[in-house]
Amino acid sequence: MSDQLEEYLERGMYGAKETKRDERRYFLTALRENIELALKKGQVMKKDAVKIKPLLKKVKDGHLFLNGSLSYSYLSPYIQAANEHKVPFTIVQNLEADTDIGLVLTGSEGSLERDIFLFSKYMMINCFNYST
């Protein structure tokens, strides 16, 4: 059997080959190098979409991924913000993936060097505000 035919049959039986499968499951189908911002589920549940609006406004080729295991009432402010800034969104429902990620914003300028988690930036600011 030719290699092309064998590959075609495997793709039909098992689906397309997926790169970085665990990373995609954790980051709601997105790859780390494309991510501009990520929020944990608890942060999304605070319904504080104001913090992500500046990024939604300036992200290039952005896409918002929301964790479908969260109630729609938690996701609604982020969906409204995405619609306001004309950023497409997808609600990702994957019952097999165990992730604490609630929201991922991707863009064409994502970076591996940059910290993508919003809480880290605020924790650093707050660390300097406390005197020991």
Q: Can you sort out the partners of His63 under side-chain hydrogen bond (donor to acceptor under 3.5 Å, both in side chains), two or more places apart, ordered by chain and number?
A: Thr90
**Q.** Listed partners of Glu10 passing side-chain hydrogen bond (donor to acceptor under 3.5 Å, both in side chains), at least two apart
**A.** none
Heavy atoms, side chains only, cut-off 4.5 Å: are [X] and [Y] in contact?
X: Ile52; Y: Leu37; value: yes
X: Tyr72; Y: Ile79; value: yes
X: Glu33; Y: Lys20; value: yes

**Q.** side chain to side chain contact (heavy atoms under 4.5 Å, CB included) partner of Phe27, chosen from Asn34, Thr106, Ile116
**A.** Ile116
Q) Just one of Leu103, Leu75, Thr99 clears the side chain to side chain contact (heavy atoms under 4.5 Å, CB included) bar with Asn67, so which one? A)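 Exactly one candidate clears the test, Thr99.
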Q. Does atom OH of Tyr74 have more than 12 heavy-atom neighbours, drawn from other residues, nucleotides or ligands, at distances under 6.0 Å?
A. no
Search all heavy atoms of [X] against all heavy atoms of [Y] and return the closest pair with its distance.
X: Leu70; Y: Gly102; result: CD1-CA, 4.1 Å
X: Ile91; Y: Gly68; result: CG2-CA, 3.5 Å
X: Ala49; Y: Pro77; result: CB-O, 3.7 Å
X: Ala81; Y: Lys53; result: CB-CE, 4.0 Å
X: Leu56; Y: Val87; result: O-CG2, 3.7 Å
X: Ile101; Y: Val104; result: CG2-CG2, 3.5 Å

Q) Would a distance-only check, ignoring hydrogens and angles, find a side-chain to backbone donor-acceptor pair under 3.5 Å from Glu23 to Arg32? A) yes
Q: Indicate yes or no: does Asp100 engage Lys41 in a salt bridge with an N to O separation below 4.0 Å.
A: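 Result for this pair is no, no salt bridge flagged.
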Q. Any ion pair linking Glu109 and Lys58 (charged N to carboxylate O, less than 4.0 Å)?
A. no
Q: Please collect all ring pair (Phe, Tyr, Trp, His ring centres under 6.0 Å) contacts where either partner lies in residues 79-115, sequence neighbours excluded, each pair once.
A: none
State the [atom1]-[atom2] distance between [X] and [Y], to the nearest 0.5 angstrom.
X: Lys46; Y: Gln43; atom1: NZ; atom2: CD; result: 6.5 Å
X: Thr29; Y: Phe65; atom1: OG1; atom2: CZ; result: 4.0 Å
X: Lys40; Y: Met45; atom1: NZ; atom2: CE; result: 14.5 Å
X: Leu28; Y: Leu105; atom1: CG; atom2: CG; result: 12.0 Å
X: Leu9; Y: Glu6; atom1: CG; atom2: CD; result: 8.0 Å

